[in-house]
Each structure stands twice: as C-alpha cells, then as structure tokens.
There are 2 protein chains.
Amino acid sequence: MPDKTPSSTSTPISPAERIRATGARATPARIRVLELLSSAPVPLSHHDVELALGDATLDRVTLYRVLDWLVASGLAVKRADERRVWRFTLAGGGQHHSHVHFRCDACGRVYCLDAPAPIAPVMPEGFTLARLEFDLSGRCADCNRSAR
Amino acid sequence: MPDKTPSSTSTPISPAERIRATGARATPARIRVLELLSSAPVPLSHHDVELALGDATLDRVTLYRVLDWLVASGLAVKRADERRVWRFTLAGGGQHHSHVHFRCDACGRVYCLDAPAPIAPVMPEGFTLARLEFDLSGRCADCNRSAR
DNA sequence: ACTTCAAATGCAACAATGTTGCAATTAGAT
DNA sequence: ATCTAATTGCAACATTGTTGCATTTGAAGT
Ligand SMILES: [Mn+2]
Ligand SMILES: [Mn+2]
Ligand SMILES: [Zn+2]
Ligand SMILES: [Zn+2]
C-alpha cells in the first residue's frame with residue numbers, strides 16, 4: 001500500500017521541507033548544513049562543517065547562526081565533547097545515546113566500551129530523563145605501559 | 001597522641017613545602033595559587049584565580065602555566081565544568097568523586113542526585129580506572145512545568 | 001512576473017581564552 | 001656571594017564565539 005497519507009507524498013521529507021515546517025525560511029545555508037548533519041556518521045563541530053562545505057563556504061558568523069538556529073528550532077542537538085568542542089547532531093534519532101565511555105587522563109583518547117549502560121536511577125518528581133551517559137576515566141593501557 | 005611521624009613536625013605541610021617536594025621551585029606565584037586552591041570551597045577557574053589574586057596579579061600567561069604545572073605535578077586536578085570552563089581543585093581529596101548528576105537541557109541547571117553510583121564495568125586489560133561519573137540529562141521539574 | 005519587506009546574510013569589530021618564542025629575572029645549589 | 005637552569009613577563013599570535021549594521025533575499029501577496 002503505497003502512500004495513503006492525506007496531502008503528502010511518500011517521499012521522505014527533504015531538509016528544505018523540514019526547515020519550512022518550522023515556519024522559517026529555507027535558505028541555501030540552512031539546507032546545506034542540515035544535509036551535512038543528516039548524512040554525518042558522527043557529531044560535527046563548527047569547524048568540521050566549515051571544512052565539509054569546502055568551496056561553498058559560508059561566512060563564519062552565518063554558520064554559527066545557522067547551527068544555533070537549527071538547535072533552537074529543534075532540528076539539531078548541541079553537545080560539548082570531551083575536549084569541550086561543541087558538536088552538532090540531527091535531533092530526534094535517539095539511537096546514538098547511552099554510551100559507555102572511557103577517557104584517558106594522560107593521552108586524552110576516548111575509548112568506547114561495550115559494557116551495558118547502567119540502569120537509570122529513579123528520577124525526582126517532575127523530571128524527565130532524556131539521555132544517560134556513563135563516563136569513566138583513568139589511564140589507558142598504552143599510557144600505563146609507556147609510563148614504565 | 002600527637003605527632004609521632006618520624007622526621008616531620010606536626011605542622012601540616014605548607015604549600016611551599018608541597019611544591020618543593022615535587023623537586024620544583026617554590027615561587028611566589030605557585031605558592032599563592034596553591035594557597036588559593038587549598039582554601040577554595042569550590043573549583044576555581046583561571047578567571048576566578050585572577051580575580052582572587054587582586055592587586056598581587058600575575059601575568060595571565062604565567063597563571064596559565066602555574067595552573068597547568070600544578071596539574072602536571074599532581075598537586076591539582078583540572079576539570080571542565082558544565083559550561084566548558086576549566087576548573088581547578090586541590091588533588092587528593094577523593095571525596096567529591098563518583099557523583100550522579102542530572103543536567104537540564106532546557107535551563108542548564110545541574111542537579112546532584114543522591115542515587116548510588118553505578119558499579120564500574122570490567123576494564124579492558126591494562127586500563128586503570130580512576131574516576132567514574134554517571135550523567136543524566138533531560139528536563140527538570142521547573143522547566144517541564146513552565147513548558148505547559 | 002513584479003513588488004514588498006522581515007528574515008537572513010556578510011562583513012568589520014570586538015571579546016574571551018589559550019599558546020608560543022624569547023629576553024630578563026630569580027630560586028636555590030655550590 | 002656567585003652561578004645557572006627554572007621561572008617569569010611581555011609581545012605576538014591563534015581559535016572560538018559575539019554584536020551591530022548595511023545589504024541581500026525568500027516567499028507571500030498582487
Ligand atoms: Mn574553523
Ligand atoms: Mn580573566
Ligand atoms: Zn592513554
Ligand atoms: Zn530546567
């Protein structure tokens with residue numbers, strides 16, 4: 001049964017459409033950046049996006065504004081990585097969360113452990129839990145070895 | 001029974017002594033900053049220290065170097081706060097670790113839950129676990145209420 | 001198609017935070 | 001008191017982020 005939804009085609013919503021759906025203008029800058037976030041396998045920093053845009057470069061300030069607008073409009077999510085760099089991901093896809101990470105205090109590398117995420121504690125009344133992250137730190141094998 | 005430790009007085013080790021114990025020079029800059037960290041009830045940022053130094057101001061770069069040296073020498077610990085500002089604490093006091101935090105995505109406030117810290121997973125061979133942190137995020141009661 | 005105008009952009013200027021190179025100073029050993 | 005490597009101060013630079021304002025443009029209406 002293909003496409004029975006009233007007043008919509010079966011085509012997945014395009015970046016431009018998702019932008020217009022918020023009531024704002026679908027500009028090339030927003031479309032291009034949203035496309036990048038959509039296809040990126042990992043969260044992108046401001047700098048990553050700058051590089052990925054290549055010759056079709058946006059003004060630096062415009063890019064800051066586009067990224068923040070995407071977040072404000074609910075289309076993207078902004079998170080600081082372990083090096084305190086802001087990274088942006090497409091909103092909605094809850095699948096990448098609940099990781100268990102180990103950060104080496106010596107070399108800074110981050111390891112993604114495949115331990116099961118711990119069970120969420122009971123939240124205080126009225127709180128909504130969206131994401132849960134378990135971060136461990138210490139020294140990695142490499143650094144322990146080279147330290148003697 | 002006061003003070004029976006061999007070759008030491010009962011006086012707590014002074015900042016200058018702790019610095020010399022590392023083999024480095026006890027300079028006014030290092031002593032002053034270490035004193036500040038010792039008496040601070042909360043982790044201090046570079047800027048906090050600048051302000052606290054008042055008229056006895058150090059050069060900005062020297063302060064960066066002193067703080068980083070304190071960390072490298074093991075006398076202090078450097079951690080990013082939830083606003084991505086580096087904050088420094090006296091090392092050793094292990095009591096503040098293994099907290100469970102909740103950060104509200106809407107208002108940014110951080111709540112310190114009193115849930116028990118989860119059990120550490122088995123570490124890969126050669127890894128040393130130093131600290132473990134369980135971070136939850138979502139919306140707090142205040143923000144959920146005002147959102148409707 | 002043409003007009004209209006708030007929304008979005010580009011650009012210049014600024015601010016905050018952190019880094020590097022190097023000459024001058026100084027802690028602490030002899 | 002002298003000596004010297006460790007530390008400091010300063011100038012210059014880099015990166016990341018913000019603000020004000022003149023110009024351009026998406027898209028709604030004609
Ligand atoms: Mn860049
Ligand atoms: Mn400052
Ligand atoms: Zn390591
Ligand atoms: Zn809140």
Side-chain angles (χ1 to χ4, degrees), chain A residues 13-36 43-88 108, chain B residues 14-36 43-76 78-88 108:
Chain A
I13 315 149
S14 75
E17 285 171 312
R18 266 179 292 166
I19 291 167
R20 285 198 203 91
T22 70
R25 291 188 187 169
T27 66
R30 286 175 179 167
I31 294 169
R32 195 82 189 74
V33 174
L34 188 54
E35 280 171 350
L36 280 172
L44 300 182
S45 66
H46 177 278
H47 188 64
D48 291 340
V49 174
E50 258 183 341
L51 294 182
L53 286 173
D55 46 335
T57 282
L58 294 180
D59 181 76
R60 221 165 51 81
V61 177
T62 301
L63 179 52
Y64 277 115
R65 296 200 267 228
V66 164
L67 287 169
D68 285 342
W69 178 84
L70 286 170
V71 171
S73 71
L75 293 171
V77 170
K78 179 185 192 175
R79 295 209 52 197
D81 71 9
E82 59 289 342
R83 278 179 206 159
R84 304 174 348 166
V85 174
W86 288 123
R87 298 201 164 265
F88 300 83
Chain B
S14 74
E17 285 172 313
R18 266 180 292 167
I19 292 167
R20 285 198 203 93
T22 70
R25 291 187 187 172
T27 66
R30 286 174 178 169
I31 295 170
R32 194 82 189 75
V33 173
L34 188 54
E35 281 171 348
L36 280 172
L44 301 182
S45 66
H46 178 278
H47 188 65
D48 290 340
V49 175
E50 258 184 342
L51 294 182
L53 286 173
D55 46 333
T57 283
L58 294 180
D59 181 77
R60 221 164 52 80
V61 177
T62 301
L63 179 52
Y64 277 115
R65 296 200 266 227
V66 164
L67 287 169
D68 285 342
W69 177 84
L70 286 170
V71 172
S73 71
L75 292 172
K78 179 186 192 174
R79 299 208 48 197
D81 71 10
E82 61 286 347
R83 278 178 208 158
R84 302 168 42 221
V85 174
W86 288 122
R87 299 200 166 266
F88 300 83

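Remember, predicted model here, so these are calculated numbers, not experimental data. Below, read A as the first sequence line, B as the second, and so on, with proteins coming before strands; counting in each chain starts at 1.
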Pairs of donor and acceptor atoms involving the side chains of residues 53-67 of chain A, under 3.5 Å and at least two apart or interchain, shall be tabulated with distances.
| residue | atom | partner | partner atom | Å |
| --- | --- | --- | --- | --- |
| Thr57(A) | OG1 | Gly54(A) | O | 2.7 |
| Asp59(A) | OD2 | Val61(A) | N | 3.0 |
| Asp59(A) | OD2 | Thr62(A) | N | 3.4 |

Inset, instruction - Answer yes or no: side-chain N or O of Arg60(B) and base N or O of dG18(C) forming a donor-acceptor pair under 3.5 Å. - result: yes
Legend entry - Length of the CG-P vector between Asp48(B) and dA16(C), whole Å: 15 Å
Legend entry - Rounded interatomic separation in angstrom, taking OH from Tyr64(A) and C1' from dC11(C): 15 Å
Inset, instruction - Evaluate the side-chain proximity of Val71(A) to Trp86(A): yes if any heavy-atom separation is below 4.5 Å, no if none is. - result: no
Inset, instruction - Nearest-nucleotide wise, let me know which of Thr57(B) and Lys78(A) is further upstream toward the 5' end of DNA chain D. - result: Thr57(B)
Legend entry - Between dT17(C) (P) and Glu50(B) (CD): distance, integer Å: 8 Å
Legend entry - Contact under 4.0 Å: Arg30(A) side-chain N or O vs dG26(D) OP1/OP2: no
Legend entry - With Ala52(A) via side-chain contact (heavy atoms from CB on, under 4.5 Å) - residues at least two apart: Leu36(A)
Inset, instruction - Take the protein atom CG of Leu53(A) and the nucleotide atom P of dG10(C), then report the distance between them rounded to whole Å. - result: 11 Å
Legend entry - Set of residues satisfying salt bridge (Lys or Arg N to Asp or Glu O under 4.0 Å) with respect to Glu35(A), sequence neighbours excluded: Arg32(A)
Legend entry - Atom-to-atom span, CG of Asp68(A) to P of dT19(D) - whole angstrom: 11 Å
Inset, instruction - Let me have a per-nucleotide readout for nucleotides 25-30 of chain C, 5' to 3', with B, S or -, counting only protein heavy atoms under 4.0 Å. - result: -BBS--
Legend entry - Proximal nucleotide (of dT16(D), dT9(C), dT19(C)) relative to the Val66(A) side chain: dT9(C)
Inset, instruction - Using the test side chain to side chain donor-acceptor pair (under 3.5 Å), find all partners of Ser14(B) that sit at least two apart in sequence or belong to another chain. - result: Glu17(B)
Legend entry - CZ/Arg83(B): more than 12 non-hydrogen atoms of other groups inside 6.0 Å: no
Legend entry - Touch class at under 4.0 angstrom, heavy-atom based, for Trp69(B) against every strand present: nothing
Legend entry - Leu63(A) CG to dT19(D) C1', straight-line distance once rounded to whole Å: 17 Å
Legend entry - salt bridge (charged side-chain N to carboxylate O under 4.0 Å, His left out) partners of residues 19-31 of chain A, not counting sequence neighbours, each pair once: none
Inset, instruction - Decide side chain to side chain contact (heavy atoms under 4.5 Å, CB included) for Asp68(B) and Lys78(B); before the verdict, give the C-alpha distance in whole Å, the side-chain angles of both, and the deciding distance to 0.1 Å. - result: CA-CA 8 Å; Asp68(B) 285 342; Lys78(B) 179 186 192 174; 3.3 Å; yes
Inset, instruction - Calculate the interatomic distance between Ile31(A) atom CD1 and dT25(D) atom P; express it in whole Å. - result: 15 Å
Legend entry - Interatomic distance where CG belongs to Asp59(A) and P belongs to dA7(C) [whole Å]: 20 Å
Provide a list of protein-nucleic acid N or O atom pairs under 3.5 angstrom, restricted to nucleotides 20-23 of chain D.
| residue | atom | partner | partner atom | Å |
| --- | --- | --- | --- | --- |
| dG20(D) | O6 | Arg65(A) | NH2 | 3.4 |

Legend entry - By salt bridge (Lys or Arg N to Asp or Glu O under 4.0 Å) - contacts of Arg87(A) (at least two apart): Asp48(A), Asp81(A)
